[in-house]
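Just below is one structure, and these are the notes that go with it.
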Amino acid sequence: MYISPSIHYIGADNASAKIFEAQYTLSHGMSYNSYLITDTRTAILDTIDADCAEQWKQNLEQALDGRNPDYLVVHHLEPDHSSLTQYVLERFPDIKIVTSVRAAAMLPQFLPGVNIDGRVIAVKDGDTLELGNHTLHFTMAPMIHWPEVMVSYESTEKILFSADAFGKFGALAYEDEWLNEARRYYINIVGKYGRQVSALLSKFNHLEVKAIAPLHGPLLSDNIGQYVHYYSLWSSYTPETEGVLVAYASIYGNTREAALMAAGILREQFGVKEVVVADLCNGDMAEAVAQAFRMDRMILACPTYDGALFPAMDFFLSRLASKGYRSRSVGLIENGSWAPIAAKLMRDRLSAMPDVNIIEHAVTIRSRLNAYDPDNIHALCKVISSSSILKS
């Protein structure tokens, strides 16, 4: 990918990748981004995942065109961005690694048996790397989403090399809308660290940024403000959309029937335009989590199982808590044949999340929907439909 005469894209797609970090499903592969700046001195910006090693090596040699690089800038030590560090050190004996102080201390963990004495330049907030006409300005970005992360701003071409921030799922060869897969990526990968993301965004308020170059996903150069807008929303845990997620776990389909009834009532009788239904047992859990953060309201429907929550709901609530779910309204539907306690258990879990408004009266189903349940579900939907925090 051509970025400018001096800045080259040397990353690679893994179009066949089906899962990321051993847990997030990929419908269209994944991109692993790396860049090269050629100037009086030449800098490689990150390597990529070992699965794409051969393509990256070819891209690097072609972009170098016979040069010997002076620096390898490591923004983030996670293996999908640093797996080829040892190769670079061996291929270019005079190259120096430029990385954060925290990353410099962690490097030996990723390079066992490799002598890096005298080959590491540890930088801190505000340090620069002069390449000639290009200068990299380093800003530390701890916990986005590892403690050693840094980002860099190239002040001549005004490009922010943003590490994992502003990334998305999907190979570059698959052209799709940025928002949905960027949201799913952010909430599940970075979402726990909203305070740190907000702090990082504030550091760049005064800078002119013409492009953002993340370690996953496309180069962002059109309307930078829209990407910053979404990151500001997500990092502040502010709901993005006035709508309701109906998330359910169902064993034999009876709880599912109640959840679908609730979704239909919200749409047809209360005019809620944005209603998303998520099957937690068979759908993409990461997408369900992302939708929970997108919406300002949620209905959870779950059966009691072994005196506890059905496992899919239990896991979903654990993911919400770990990612910082807060400041939403939630209604509850439980199912149980002899001792339903799912609503109590869900309420207990949600009560530990900041500023979650739990609708007082839960709906209890006994095995299957009966003649009274539609009225109870209607009453719950009436409260949920009028509890949007985004209405002006």
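Just so it is clear, the model here is predicted, and its values are computed rather than measured.
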Residues Asp164 and Tyr185: side-chain donor-acceptor under 3.5 angstrom: yes
Whether the His145 and Gln196 side chains hold a donor-acceptor pair (N or O, under 3.5 Å, no angle test) is what I'd like checked. no
Side-chain ion pair, Arg366 and Asp373, N-O less than 4.0 Å: no
Under 3.5 Å, is there a donor on one side chain and an acceptor on the other for Ser337 and Ser367? yes
Check whether the side chains of Asn14 and Tyr32 place a donor and an acceptor atom closer than 3.5 Å, and report yes or no. no
Distance-only polar pair, side chains of Glu334 and Thr364, donor-acceptor under 3.5 Å: yes
Write out all pairs satisfying side-chain hydrogen bond (donor to acceptor under 3.5 Å, both in side chains) with one or both partners inside residues 280-308, taking only residues at least two apart or from two chains. Thr25-Asp284, Arg184-Asp284, Thr241-Arg294, Glu274-Arg294, Asp279-Asn282, Glu287-Gln291, Gln291-Arg294, Asp296-Ser388
Under 4.5 Å side-chain heavy-atom separation, chaining through any Ile, Leu, Val, Met, Phe, Trp or Tyr, what else clusters with Tyr174? Say none if it is isolated. none
Does a salt bridge link Glu257 with Arg368, judged by any charged N lying under 4.0 Å from a carboxylate O? no
In terms of side-chain heavy atoms, does Gln58 have a donor or acceptor partner in Gln62 at a distance below 3.5 Å? no
Does the side chain of Thr238 pick up a donor-acceptor pair with the side chain of Ser236 at under 3.5 Å? yes
Using a strict cut-off of less than 4.0 Å between a Lys/Arg side-chain nitrogen and an Asp/Glu carboxylate oxygen, indicate whether Arg119 and Asp94 qualify as a salt bridge. no
Do Trp56 and Ser34 have side-chain atoms, one donor and one acceptor, less than 3.5 Å apart? yes
Does this structure show an ion pair linking Lys203 with Asp125, if we count only N-O contacts that are shorter than 4.0 Å? yes
With sequence neighbours excluded, give me every side-chain hydrogen bond (donor to acceptor under 3.5 Å, both in side chains) pair touching residues 210-222. Asp80-His216, His81-His216
Using the side chain to side chain contact (heavy atoms under 4.5 Å, CB included) definition, which of the options Val246, Leu245, Val275 pairs with Met295? Leu245
Taking atom types as modelled, is there a side-chain donor on Ser31 or Asp13 under 3.5 Å from an acceptor on the other? no
